[in-house]
Each structure stands twice: as structure tokens, then as C-alpha cells.
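Heads up: the structure comes next, in C-alpha cells.
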Amino acid sequence: MKKIALLLLLFVAFQANAQEFHFIPKIGLNFANMTNSGGSMKPGLNIGASGEVMMTNNFAIEPGIFYSMQGTKGKESGVSVKFKNDYLNIPVLFKGYVYEGFNSFAGPQLGFKVSSKLKGSESGTSVSTDALSDCFKTFDFALVIGAGYQSPMGVMFSLNYNIGLTNTIDKDNLAAAIRNVGVPGISASDLDGKNRNGVLQFNVGWRF
């Protein structure tokens, strides 16, 4: 809550010192995956808001806060598995308007894991557990790159990709879970690969 309050204070400070400020609620689709997981893109939602601070006529800084459904999914030998990792993401984007309402943007993003669940199904039988939540790190850092269009009526569209830069797996906790459960054929030596988040996002919003 302190981080959210600080972000809101930053919004107010920016607004007071900038020539122009816009509040932009957004909602959109996620297509998320994790590197070295052997999985495929898992669809989900993201929802939140950002504040666009116009520093010049063509350049803006846009901090925001979003709830983002991420993870990965896969299927092998008739068993379907989904890792559902939800994050509270705080991007700080640097946006340039290149022509009319067309723009491009990039910037860092802090992510804080809110929940983690594993869902599996086989032959119509499904199970869901959060027992492996500790196997995923609580913090994620990513680079956001994308482009968008801002209509004269206020409707905006954007497409971006979030490139995870930190390993999402807590190797020690996962190794301990493997030892406790006794998964055959899997050991801690199999965990050397880096599992980073990758999320393709399409958003729509309204610029006030």
C-alpha cells in the first residue's frame, strides 16, 4: 500500500509541475509465457490505469499500475498444465508522439507477485493448488516496448511486449519441493535454466 500511495503522490506532483496531465484507465488481453518452460502462451487479462504527463508537445512520461494475469501453459502425454501467476505491475514509460496520434514507448516495469496457482487436468479430471506458490519469486523486473494510437475522441489502442529480465523461479524453494514430493527423474540439477516472463499485451483505454 505504501508503494501505491507513493505512486499516487508522484502523479499529483507531476500534474502540478507539468503543462498537461491525462488520466488513462485501460483494459486488455495478455498472451503470457515463461522462457525455458517448454510451455506456450497463456491468455489472460490486464486492467489498471496510467497517468500521462506531457513534458512537451511530443514527449510524455507515463507511470501506471496494472493487475496482470501471467504464467504459461503446456500439454504432454494427455496432461494439461497451467501456471497462473498474477502480478501487480508498475511501469514507467517514456512516450514519444511521432505523427498525429501515433506513438511509441519504452521503459522499465516493476512487478510484484499477487498469487500463484498450478492447475492440471487429465481425462476430464481437474486439480488446482497454490502449494507451489513459494517456488516463484515475489519480484519481477521487465522492459516494456510498444506502440499505440491516440484518437482525437480520446480512445487509445496500444500493443506492447514486456521482456522479463529476472528469473521467476526460486531455485532453492523449488528444489526443496521436489525433494519433499519425490518427483521421479527430476533433481535440483535440472533447474539451471532461467525462466523469465514474456508478455504480449493489447490494450484499449480512454484518455481523460
Please evaluate residues D170 and F136 with respect to the criterion side-chain contact (heavy atoms from CB on, under 4.5 Å), reporting the C-alpha separation (whole Å), side-chain torsions for both, the decisive distance (0.1 Å), and the verdict. CA-CA 5 Å; D170 188 315; F136 294 93; over 6 Å; no

Taking H22 for the side chain and R207 for the main chain, is one N or O donor matched with an acceptor at less than 3.5 Å? no

Any donor-acceptor pair under 3.5 Å linking the side-chain atoms of S68 with those of N30? yes

So, N197 versus Y87: side-chain donor-acceptor pair below 3.5 Å or not? yes

Pairwise distance CG(D140) to CD(Q70) - rounded to 0.5 angstrom: 7.0 Å

Nearest 0.5 angstrom please: Y67 OH to N46 CG, how far? 11.5 Å

Salt-bridge test for K26 and E52: reply yes if a basic N is under 4.0 Å from a carboxylate O, no otherwise. no

What's in the same ILVMFWY side-chain cluster as M153, cut-off under 4.5 Å, chained through other members? none

F105 with F202, same ILVMFWY side-chain cluster at under 4.5 Å: no

Near-ring test F102/Y97, centroid separation under 6.0 angstrom: no

Side chains of L88 and I65 in contact at under 4.5 Å (non-hydrogen atoms): yes

Any F31 side-chain heavy atom under 4.5 Å of S40 side chain: no

